[in-house]
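Here the structure is laid out as structure tokens; the discussion comes afterwards.
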Amino acid sequence: MNKIKNSSMFLLWIGASISIAEIYTGSVIAPLGISKGVCAILLGHLLGTLLLAFGGYISFSNKRTAMETVQDSLGLIGSKIVAFLNVLQLLGWSAIMIIQGARAISPILSISYKTSLLLVSVIVLIWSYSFFNYSKKVNDICVISLVILCIFMFSKIDLSQSVALSGNLNFTTALELSIAMPVSWLPVIGDFTKNGRTKRGVFTSSFLGYFIGSTSMFILGFFITIFTGKDIIEFMSSIGIIGGLIILLSTVTTTFIDIYSAVISSKQILKIKTENNYIIIYSIIAAVIAFVFPMENYENFLLTIGSIFVPVYSIVFLDYLLKNNKKHSFNVLGIISVLIGMFLFNYFNKISFGIPTLLTILCISIIYTISTKILNSRGVNRGQANM
């Protein structure tokens, strides 16, 4: 891939953040009320997007893709396992995005669900292939158009009177939802920031792009629920073809990023000479999954896989900050720390204790840092074993 200008990087991450999934998640936070809800959205995104941009910054600094950066920390064997899980979740989420887009535009365009599913799948394939072979300016123009359409959608919300809502969502859960959305892009961002222009530009453009886009989408869904009481799709259907365009554009500008990163992650497992072929293959696989699998069940499986990336990137962050630069085939201490982190992350979520993402990062930081110092003091290099 050619170098990505800061302006294109900024628009890339705005495009990634504008999606039905983000609008829906914002609507979930509505029961908190305006002041607490907006505070949770902004604070959560500030923390989560800082972590996201830092992950991108590390990939640019080391000139390594997301999974190559994981390899530096967990070793070749560890990175192959993580890469496989990443490909699995990226194709799954691509399928879910296609399904969400198809379900949303089907009633708006008055076409059958199967037809809308095929339409979205074809557009995603064309978009994914074109972005990396032709001009990125097309994506820039479409993202700008998407932003204008979203501003139009904001203008259609009557802010004069709110709707009474019921629900028992607490502030910390809303905060975790807002942190989790940007953090979910950690195993992806490095594939793009690696090709940025400057360290400061990569960090700033990716941070501002995602923060502005994602908080706007959360607040849009939040306001739709609070001030109209309507379901998201019901509201978007009420604004006609504009709603359909927003859904279609937001789906393709988000999904192609997953498709491409699935290809890049596959390089840790397979010998890939031509990325274009795999972009086509993975786009087709995502479409087939969308047609065949029951997403309601598959989504929980994907969320479980996703829980691995918080502890994995905790190790990546720590290695960068602690300047652990030696590369080995298997980082025993790192793998053990990741497994502990996965357990803690899922446990904190299960018991609804604190903010799981931040607690997991804190616990792993303590465990990994202390263990590394102890082993180093005894002449054992990071608990690593060459295999």
Side-chain angles (χ1 to χ4, degrees), residues 11-12 14-25 87-134 138-150 153 184-185 188 213 217 220-221 231-263 276 278-299 302:
L11 291 171
L12 175 74
I14 283 187
S17 65
I18 298 177
S19 72
I20 293 296
E22 309 239 357
I23 297 173
Y24 262 120
T25 308
V87 171
L88 192 62
Q89 75 144 357
L90 288 172
L91 291 178
W93 285 119
S94 295
I96 288 177
M97 290 301 299
I98 291 171
I99 287 173
Q100 289 179 336
R103 285 177 177 173
I105 67 170
S106 177
I108 294 174
L109 300 181
S110 299
I111 57 178
S112 69
Y113 169 64
K114 292 290 185 182
T115 302
S116 63
L117 203 58
L118 181 61
L119 174 65
V120 174
S121 298
V122 170
I123 294 175
V124 165
L125 190 156
I126 294 171
W127 202 279
S128 301
Y129 185 86
S130 298
F131 184 84
F132 296 98
N133 291 280
Y134 302 105
V138 175
N139 188 73
D140 293 352
I141 292 169
C142 288
V143 171
I144 292 170
S145 301
L146 187 55
V147 170
I148 294 171
L149 291 172
C150 288
M153 188 159 61
S184 69
W185 287 98
V188 173
M217 291 305 98
L220 177 58
D231 174 76
I232 301 301
I233 299 303
E234 181 187 0
F235 176 81
M236 297 184 80
S237 298
S238 70
I239 60 177
I241 193 66
I242 299 296
L245 282 172
I246 291 171
I247 292 165
L248 195 58
L249 284 175
S250 65
T251 299
V252 295
T253 56
T254 299
T255 308
F256 89 86
I257 295 176
D258 287 338
I259 295 292
Y260 181 73
S261 279
V263 175
N276 287 335
Y278 279 85
I279 288 172
I280 294 171
I281 292 169
Y282 281 174
S283 296
I284 293 172
I285 290 174
V288 170
I289 294 172
F291 271 93
V292 174
F293 279 86
M295 283 297 106
E296 286 74 14
N297 297 325
Y298 194 50
E299 189 168 350
L302 292 174

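Across all non-hydrogen atoms, the minimal contact from Ile108 to Ser237 is CG1-OG, 3.5 Å. Taking each heavy atom of Met217 and Cys150 in turn, the nearest pair found is CE-SG, 3.8 Å. Of all heavy-atom pairs spanning Ser94 and Ile259, the tightest one is OG-CD1, 3.6 Å.
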For residues 282-291, which side-chain N or O atoms pair as donor and acceptor with protein atoms under 3.5 Å away, sequence neighbours left out?
unit_1, atom_1, unit_2, atom_2, d
Tyr282, OH, Ser266, OG, 2.6
Ser283, OG, Ile279, O, 2.7

Could you tabulate the donor-acceptor pairs under 3.5 Å formed by side-chain atoms of residues 245-255, not counting sequence neighbours?
unit_1, atom_1, unit_2, atom_2, d
Ser250, OG, Ile246, O, 2.8
Ser250, OG, Ile247, O, 3.0
Thr251, OG1, Ile247, O, 2.7
Thr253, OG1, Gly15, O, 3.2
Thr253, OG1, Leu249, O, 2.9
Thr253, OG1, Ser250, O, 3.4
Thr254, OG1, Gly15, O, 3.2
Thr254, OG1, Ala16, O, 3.1
Thr254, OG1, Ile18, O, 3.4
Thr254, OG1, Ser250, O, 3.0
Thr255, OG1, Thr251, O, 2.6

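Using a 4.5 Å cut-off on side-chain heavy atoms (C-beta onward), Val188 and Tyr260 make no contact. When side chains are defined from C-beta on, Tyr24 counts as touching Asp231, because their heavy atoms get closer than 4.5 Å. With a 4.5 Å cut-off on side-chain heavy atoms, Trp93 and Ser184 do not count as touching. Two residues are said to be in side-chain contact when any heavy atoms from C-beta on lie closer than 4.5 Å; Ser145 and Ile141 meet this criterion. Using a 4.5 Å heavy-atom cutoff, the side chains of Ile20 and Met97 are not in contact. Between Ser128 and Val124, some side-chain heavy-atom pair lies under the 4.5 Å cut-off.
Judged as a side chain to side chain contact (heavy atoms under 4.5 Å, CB included), and not counting sequence neighbours, the contacts of Ser116 are Ala102, Ile105, Ser106, Ile111, Tyr113. For Ser112, the side chain to side chain contact (heavy atoms under 4.5 Å, CB included) partners are Lys114, Thr115, not counting sequence neighbours. Contacts of Ile239 classified as side chain to side chain contact (heavy atoms under 4.5 Å, CB included), with partners at least two apart in sequence or in another chain: Met153, Lys156, Ile242.
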Item to check | Trace of the side chain to side chain contact (heavy atoms under 4.5 Å, CB included) decision for Leu119 with Ile123 | outcome: CA-CA 6 Å; Leu119 174 65; Ile123 294 175; 3.9 Å; yes
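Separating the CD1 atom in Ile96 from the CG atom in Leu91 is a distance of 11.5 Å, to the nearest 0.5 Å. In this structure, CG on Asn276 lies 4.5 Å from OH on Tyr129, to the nearest 0.5 angstrom.
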